[in-house]
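In what follows, a structure is listed as structure tokens, so that the remarks can point back to it.
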Amino acid sequence: MSDAAPAPQQSYKSGKNRETIFNKDERAKDVRALNIVAAKTVADTVRTSLGPRGMDKMIRTEGDDNVTITNDGATILKKLRVGHPTAQMLVDLSASQDIEAGDGTTSVVVLCGSLLTACQNLMAKGIHPTLVSDAFKLCVDKASEILHDMAKPINLDDREFLIKSAITSLSSKIVSQHSDILAPMAVDSVLKVVDPTHPNFVDLNDVKIVKHLHGTVSQSELIDGLAFNQGASHKAGGPTNVKNAKIGLIQFCISPPKTDMDNNVIVNDYTQIDRILREERAYLLNICKQIKKTGCNVLLIQKSVLRDAVTNMSLHFLAKMKIMVVRDIERDDMEFISKTLGVKPVSSVDHFTKEKLAHAEVCQEISTGGGKIVKVTGIKNKGNTVTALLRASNRLMLDEAERSLHDALCVIRSLVKKQYIIAGGGAPEIELALKLAEYAKTLKGVDQYVAKEYAQAFEIIPTTLAENAGLRPISVVTDLRNRHALGQRNTGINVRKGVISDMYEENVVQPLLVTLSAVGLATETSRMILKIDAIV
């Protein structure tokens, strides 16, 4: 009897352990389910904005009541206020795609949402998340091979073809009707700033976008030089058009000095007031004479925070000396201006010499109807930079034109980095779905099930394109699958005509880097979300 007594206690302990393990598994499943729901909610938010016929979103920013109207995925998600950490991961995913490729910011989020739906289906069948994650890694490597096989090499000397690629990027934007203006601007900008010593590298910081709130988008232009959104100073009647310009870029102030601490000067005699004014006048006149002595006739003055960078009296002296003044230049713009002019900014009047001056053919102020801009052209020893002047009739259109031009610049930069293109219109996604389904048949066990679900997830892109264009998604995607099964791998959805056609003939192409980056980042994020089993 005594030997058999411990048996019930042992059975109770093992049952308790099983119950604890069961509860942990259930909690992990609940956490994954909540994470996937949060991520899919974000993906569904931007899904209707995918493609040329996608809807726009109106976003109101709290606090300043600014309104943004856009269909750019990165902009929409950046302005969303998300509380769930997994939802924030999709916001960061879109930002990563924007940095890496500049385009496809909506596609990558929609694709990630579809992959997470596939994960949900696989886990419902009892497949462990680690096995799903490992199989996804096999599939994304195979997807990269398929995309490289579909891609075609390009020649960067073919300007017309690059313009067609930029037009494809602009086709889904609000300003798509102005793509004949913006696309050549984007192509010429990138080609001008390509570094010959590093032909596969483009720094978009060398392309300055200047926004001017007057005119129309069709009046936008590319300037081989500098453009300033503010006009020249007119308070003292200074010149507004200077030929054979000798330009000085300064960071010091042409104003009376101030003490390092707040203090009061008590003046109880009018003769002391006269003396103060005479000293101030002599101090400013001395600075202006030193500037004139160098031969400078155009002065670019950085905006000052501590005190006025320039006063009315100093502007009067500079105007008498026939020196054109452009004031209140932002600190962030100084590096670009310095690189363009080929000179360094001067921080002290004692170091301001004629060797520190830049030379240009013309510096002129131009009236634009409701405002003024200053153009500097014909710069000698000009740096490897370019300025894009964007104009629009209202702030909303101007901001959207800037975002659209940035996306087009990124597309051309992607083509410079990786000189391959691929068909658009959902063609690569359907091809991936078919080829990965065939690849799944070569796998065994759990990997085969996962690869099938992974392949099917790519159909979300052509399905969404068809839905947003008002077409019948089931019939369109089925027809598209049949075309690709017959070997027509460059056929995609022509959303403007509502038919399926060859994307190369329709000039609907995109950089290979955009699709590669979207597939890789979406898969990586879904794997990361899949492995989370607790939020602490």
Side-chain angles (χ1 to χ4, degrees), residues 188-189 192-197 203-210 212 221-234 236 238-255 287-304 309-310 314-315 317-366 372-389:
D188 294 339
S189 297
K192 283 184 179 180
V193 301
V194 171
D195 188 354
T197 59
D203 186 2
L204 290 185
N205 291 324
D206 293 336
V207 180
K208 179 67 176 177
I209 300 177
V210 177
H212 188 66
E221 60 179 317
L222 201 63
I223 299 172
D224 190 19
L226 289 172
F228 298 98
N229 197 23
Q230 67 270 35
S233 179
H234 291 276
T240 58
N241 191 340
V242 178
K243 294 183 179 179
N244 191 20
K246 298 176 183 178
I247 306 169
L249 182 63
I250 66 172
Q251 292 178 310
F252 58 85
C253 299
I254 313 177
S255 60
I287 294 177
C288 294
K289 283 182 177 179
Q290 290 188 39
I291 293 172
K292 182 62 178 178
K293 186 179 178 181
T294 62
C296 173
N297 54 15
V298 176
L299 199 59
L300 308 180
I301 305 176
Q302 177 181 306
K303 189 175 183 179
S304 176
V310 63
S314 55
L315 287 174
F317 290 144
L318 292 171
K320 293 295 182 182
M321 297 174 183
K322 302 298 182 184
I323 298 176
M324 181 177 175
V325 178
V326 180
R327 57 191 296 190
D328 293 339
I329 296 174
E330 295 293 337
R331 182 183 296 269
D332 296 338
D333 297 335
M334 293 297 285
E335 183 179 353
F336 177 82
I337 296 171
S338 174
K339 185 174 183 180
T340 304
L341 294 176
V343 295
K344 293 183 179 179
V346 182
S347 58
S348 172
V349 68
D350 296 329
H351 300 147
F352 191 74
T353 60
K354 62 180 180 180
E355 290 79 14
K356 302 291 180 67
L357 299 179
H359 299 269
E361 293 179 1
V362 179
C363 180
Q364 59 180 340
E365 182 185 74
I366 299 173
K372 297 180 185 296
I373 57 174
V374 174
K375 287 184 183 180
V376 182
T377 54
I379 301 171
K380 296 179 181 178
N381 302 320
K382 176 179 170 293
N384 200 28
T385 61
V386 69
T387 303
L389 178 62

Report task. Starting from the C-alpha separation in whole Å, work towards a yes-or-no answer on side chain to side chain contact (heavy atoms under 4.5 Å, CB included) for Asn229 and Ile373. Result -> CA-CA 5 Å; Asn229 197 23; Ile373 57 174; 4.3 Å; yes
So do [Y] and [X] actually touch side chain to side chain, heavy atoms under 4.5 Å?
X      : Y      : value
Phe228 : Ile337 : yes
Ile291 : Met321 : no
Leu341 : Leu300 : yes
Phe336 : Thr387 : yes
Arg327 : Leu315 : yes
Ile223 : Thr377 : yes
Cys363 : Met324 : yes
Val326 : Gln230 : yes

Requested in this report: Would you please test Thr385 and Lys208 for side chain to side chain contact (heavy atoms under 4.5 Å, CB included) and show each step?
Outcome: CA-CA 8 Å; Thr385 61; Lys208 179 67 176 177; over 6 Å; no
Do side-chain atoms of [X] reach the backbone of [Y] as a donor and acceptor pair under 3.5 angstrom?
X      : Y      : value
Asn241 : Gln364 : no
Asp328 : Lys303 : no
Ser314 : Ile254 : yes
Ser255 : Val310 : no
Lys375 : Ile366 : no
Thr294 : Thr353 : no

Hey, could you give me the [atom1]/[atom2] distance between [X] and [Y], rounded to the nearest 0.5 Å?
X      : Y      : atom1 : atom2 : result
His212 : Lys372 : NE2   : NZ    : 9.5 Å
Ile329 : Gln251 : CD1   : CD    : 10.5 Å
Lys339 : Asn384 : NZ    : CG    : 6.5 Å

Query raised in the report: Do other residues, nucleotides or ligands put more than 12 heavy atoms under 6.0 Å from Lys246 NZ?
Result: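 Atom NZ in Lys246 is not crowded, with 12 or fewer foreign heavy atoms closer than 6.0 Å.
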Query raised in the report: Would the number of heavy atoms belonging to other residues, nucleotides or ligands and lying under 6.0 Å from CD of Glu221 be above 12?
Result: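 More than 12 within 6.0 Å, yes.
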